[in-house]
Structure formats: structure tokens, C-alpha cells
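Below is one structure, written out as C-alpha cells, with a few remarks after it.
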Amino acid sequence: MNFIDELMTNPALTNALPKALGETLLMVGVSGAFVLLIGLPLGIFLYTSAPGGLRPMRVTNRIVSDVIVNITRSIPFAILMIALIPVARAITGTSIGALAACVSLTIGTVPFFARLVETSLRDVSSGKIDAALVMGSTRLQIVAKVLVPEALPGLVAAFTTTLVTLVGYSAMAGLTGGGGLGQLAYNYGFQRFDTTVMLVTIVIMVILVQMIQWIGDASARRVDHRSAATAGAKKHRRHEPATAV
Amino acid sequence: MITVTDLRKVYRQGNREVVALDGVSLSVPKGSIHGIVGHSGAGKSTLVRCLTLLDSPTSGSVSINGAELSAARDADLRSARRRIGMIFQHANLMDSRTAAQNVAHPLELVKTPKAAIRSKVAELLKLVGLEGFENAYPSQLSGGQRQRVGIARALASDPDVLLCDEPTSALDPKTTDEILTLIHDLTQRLQLTVLVITHEMQVIKRICDSVSLLEAGRIVEHGPLRDVAADLGGRLSTTLLPLPPAETNGSGTVLEILYSGDSASEPVLTGAARAFGMDLNVLAGSVESLAGTQFGHLRIQLPTGADTASLSRHLTGQGVAVRVVQEETA
């Protein structure tokens, strides 16, 4: 019963853990919302401005695609995070805490999500776009009524993957003073050799990721009408084993 | 009506120029169905894309009911496109929309009131025989049903022109027949002008009033179905009324004859045989009813030493086209 007692009495778990979990959720939630808000339009832009796209813009597409997205994505997040500290301070007024971490989390993840959005949109068959064009759709109508709805299962899956990535990045952000579960694991688990805290943190992280993945998969299935199996058999799917991560 | 004048499309591939359309002109009168046949690579797909301005033609013009499409830009082009209903080989329905929502799609684009959309969609689904399938997603429908939704969607904006790009090429023979019947009925009922692009001769035989043969970006033969079928030795006639490859034994002259309409109802062949007192050997034949006219295309062999010239004259006199395929061998 030593371990159970430990769980109940260890101040790191009883006091610091709920606060850390809250910070992690805050970081993932806030930066997730911003990533969606910025990354979705950016991904749509990458797709539509590409050569042969709805509205090709050679130079702008090149700049956004190669310079911003690829360069940002080629810098490891740990380094990007430190490099962005001045930016975080300029935006949030502070360089420590969960909110400050959101800045680097958002900037670091937007290009990743935008690329996933672009890939999902590419999967929409050109025949559907042709059909919509012949109906007399404007470009905006094609984006709103064809591209996004038709790619929705892929977009939901892409956002799920992005949220899971954010959970991982938020733990890293904890190391530079962002707070959250990452900082908890580092301060107590690593620096104080508190194995229990380490273990509990890991378990919570795994559960968090599993839950995001599970909700994401379920939502993707709900909006997916592409095959008769998923369109007609929603109710029977409930008893299938959950998808492993 | 649809008028296409000297349409050209040249693609650049590296520093090589590929001429996909080399001066295509055609005109389809209101209320009729015109078929364009050709093998793959003949330029059919390019023609469809240029007709709807999905690709802009290098030169030439496309006009629908006198409205110039090739000169239109943006808003004008969009409103011009609304006068074209288009049916695709794979229907190209939105998977995220139900049958009813797919049909409603073109109406939503012009901000039609919800109630008007609802009644129009119900009417269209009834027109194509899909009552009760309003809430089915495309994945729950068969190929033929999907194509019916596609047709209903194409008609939603009350177009003047229906453009069909290989409408039945992905369907089985029975469904093909049903879809063709539907297109034919709708054309008559709604006084549509229809252009069907296909590689299937079956489609031409079943519904077209006139036909063009597209080859290497040019129209090499065209005319009313009845005329092109009656043109013995013509490319379209040969495909419309096909004969198996020649396989002759014996040394007599081999003729190909083509009769149609009135002469088809008379026993031309037995009449000739009786008049000349000779036995005629039918080697191959193809008899069909096209555009309401009976056509017969036969390959016959005459006995050795027969008077080919007077027999030909006799047949020609009765309105039968005659062509010598193989002279008598000594």
C-alpha cells in the first residue's frame, strides 16, 4: 500500500499535478485553437495558389511554401521555442508561463498543420472541382462548399495529429518555463529523482493522447460518407476495438 | 443551340507543341442530340474542357444560344456556365452531400430561397426516378443511381444545354440503356440541346440525331445519323453497321451493299437473284434500325462469271449502294 499512500500524500501530486495538468490543457487548447484558425486558411492558400490550382500565384506560393513553411518545419521545436522567446515576450508581455509558451507552440505547429491541410485538400478529386466550376461556383464557393466539406474526414484526422503533436511540444515547452506536465516531470521526476511523479505524468500523458486520438477518430468517422460501410454502419461500429495509437 | 467555330487548343510540353484540337467546328440545333465519337487521344476530353472553358481554347469560339462563352470572364463566365448542365463519366457527386443536397448544390450558389430549393429538388429527383432516395449518400447508391443524381443536378439550373462527357462509359449494359433512355426522354420533354461525347457506338445508335467523328483533333466525318450510316464505305457507317473481317473462298466477285429506308422493306437481294437467275452467297451482314430507319449492310459473293456490272446497275437503280470489294479471280 506504500505506492497508493504515496499517490495520496506526495505534495507534487496533490498540489502541483492538478495545476500542471490545467496548464498543459491550456497550452494545448489555446494553441490548438490558434493553429486551426491560422493553419486552415494557410493550408487552403498553399493548395489553391499552387501551380495548376484554383488561383495559381507562382511567386507568393513559392515564398510561403518554401521559405516560411519549410524553414520553420526544418528547425527542431526545442530550438525554435528558445529562438521565439523575444516574440512571446512582445506578444504576451512575459517569457514564462503557459500563455507565453502558446506563442511558440502556435508558430511551431501552424506550418505542420498547414501542410497536412494541403495534403488533405489534394485528395479531393479534380472531377468534383470541375463539376462545381461548371455549376458556376466562385472560388470562395468551391473552398466552402467543395474543398473543405469533401476533405473534412482528412482535415479532422490532420487536426487530431496536430493536437497530439501539441501535447508533446507542450511538454517540451515546460522545460523553458512554460509550466504544465512537462515541467512537473522535469522538476520533480528528473531533478528530484521522484519516480512516482515521473510515472504518474507519463500515465496522464498517455491517457490524454489516447483521448484526443479516440475523439478525433470518432469525429472523422462521423463526417466520413465516402464509403457505404462508414455511411450506413455508424451504430455497429461502437463495438469494434478502439484503434491503437 | 450550341455553335463551335474553328476551335483550336495547343498545349506546350517542354519545347514541343501538342495540337489537341485542330480547328473543330460544329453546330447543334435546339432540341437535338449530337454525338461526338472518337478513340482515346482523339481530343474528346480537351473538347469538353474547352466547351465549358475549364481550359481556355488557344483560338476559336464557343457560343450557346448566341452568347459568346469564350469571351466571358469571371462573373459573366459563371452565369454563362449556369446555362450548361454537365454530366460526367463518374457523376462527380460530392460525397459529403446527400442526393438531395447534391441536386441543391447549383441552386445554393445563386442564393435560391430554401423553400424554392426544396420543391425544385423534389421535382428533379422525381423526374430522374429517384423518389425516396433524398437522404442517401452517393456511397449508398449504385452507379446508375449516382448518374441519375448527376443528371438531376445538371438540370437544377434550368440549363439550355446538356453536355454529357462519357455519360455511360462506367455503367453496365442494362444501366447504360436506362440512362440513355432517360437522357433521350428529358431532351424531348425539356427541349434541351445535347452534346454527348463518347467512345461507345451504342450511345450514338441509341439517342443521337447527328454525329461527328473526331480524329487527331479534327472532325473527319459528320452529319445526321441517317446520312452518315447510309454512306457506304464511310468510317462512321463502317462502325455503325460493322461486318466481320472478310473471309472469302471461291473466286466470284465480292460486293458490299448497303440499303436503307424504303429499299430495306423490299426484298432487294432475292429480287436481284431472281431477275438475274443467279445464286447470291451472303458472307456477312449487319442489319439495324438507326434513327428510326432500317439499315442493312451485307457482303455478298456472286457466282463465277456473273455479270457484275448489270447487277450493280440493277441494285443502284433500286436505291442500294454497291461497292466492289474483291474482283473476280481467274
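For the numbers below, each heavy atom of this structure counts, side chains included, while hydrogens, waters and symmetry mates do not. Throughout, a chain's letter reflects where its sequence line sits, starting with A, and its residues are numbered from 1. Just so we're clear, the structure is a prediction, and the values are computed from it rather than from any experiment.
- Each of Leu54(B), Asp74(B), Thr52(B) has some count of heavy-atom pairs under 4.5 Å with chain A, and the biggest count is that of Leu54(B).
- The parts of Leu109(B) that come within reach of chain A are both its backbone and its side chain, each placing non-hydrogen atoms under 4.5 angstrom from that chain.
- The candidate from Glu108(B), Met86(B), Met94(B), Arg153(B) with the greatest count of non-hydrogen atom pairs under 4.5 Å with chain A is Met94(B).
- Listed by sequence position, Gln141(A), Lys145(A), Val146(A), Pro149(A), Glu150(A) are the residues of residues 141-159 of chain A in contact with chain B, using a 4.5 angstrom heavy-atom cutoff.
- Only the backbone of Leu93(B) comes within less than 4.5 Å of a heavy atom of chain A; no side-chain atom from C-beta onward does.
- Counting heavy-atom neighbours within 6.0 Å of Lys19(A) NZ, excluding the residue itself, gives a total of 12 or less.
- Atom CZ of Arg81(B) is separated from atom OG of Ser137(A) by 9.0 Å, given to the nearest 0.5 angstrom.
- For the pair Met135(A) and Arg82(B), the minimum side-chain heavy-atom distance is 4.5 Å or more.
- Distance alone, capped at 3.5 Å, is enough to place a donor-acceptor pair between the Asn92(B) side chain and the Gly127(A) backbone.
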Compile the donor-acceptor pairs under 3.5 Å between side chains in residues 33-50 of chain B and protein atoms, sequence neighbours left out, one pair per line.
{"from": "His34(B)", "atom 1": "ND1", "to": "Ser210(B)", "atom 2": "OG", "distance (Å)": "2.7"}
{"from": "His34(B)", "atom 1": "NE2", "to": "Ser212(B)", "atom 2": "OG", "distance (Å)": "2.8"}
{"from": "Lys44(B)", "atom 1": "NZ", "to": "Gly38(B)", "atom 2": "O", "distance (Å)": "2.6"}
{"from": "Arg49(B)", "atom 1": "NH1", "to": "Asp130(A)", "atom 2": "OD2", "distance (Å)": "2.9"}

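- Of the atoms belonging to Ser157(B), not a single heavy atom falls under 4.5 Å from chain A.
- With sequence neighbours excluded, no residue forms a side chain to side chain contact (heavy atoms under 4.5 Å, CB included) with Ala115(B).
- Residue pairs satisfying the side-chain hydrogen bond (donor to acceptor under 3.5 Å, both in side chains) criterion with at least one member in residues 32-52 of chain A, sequence neighbours excluded, are listed as follows: Ser49(A)-Asn61(A).
- Pairing each heavy atom of Ser139(B) with each of His225(A), the nearest pair is OG-O, 3.0 Å.
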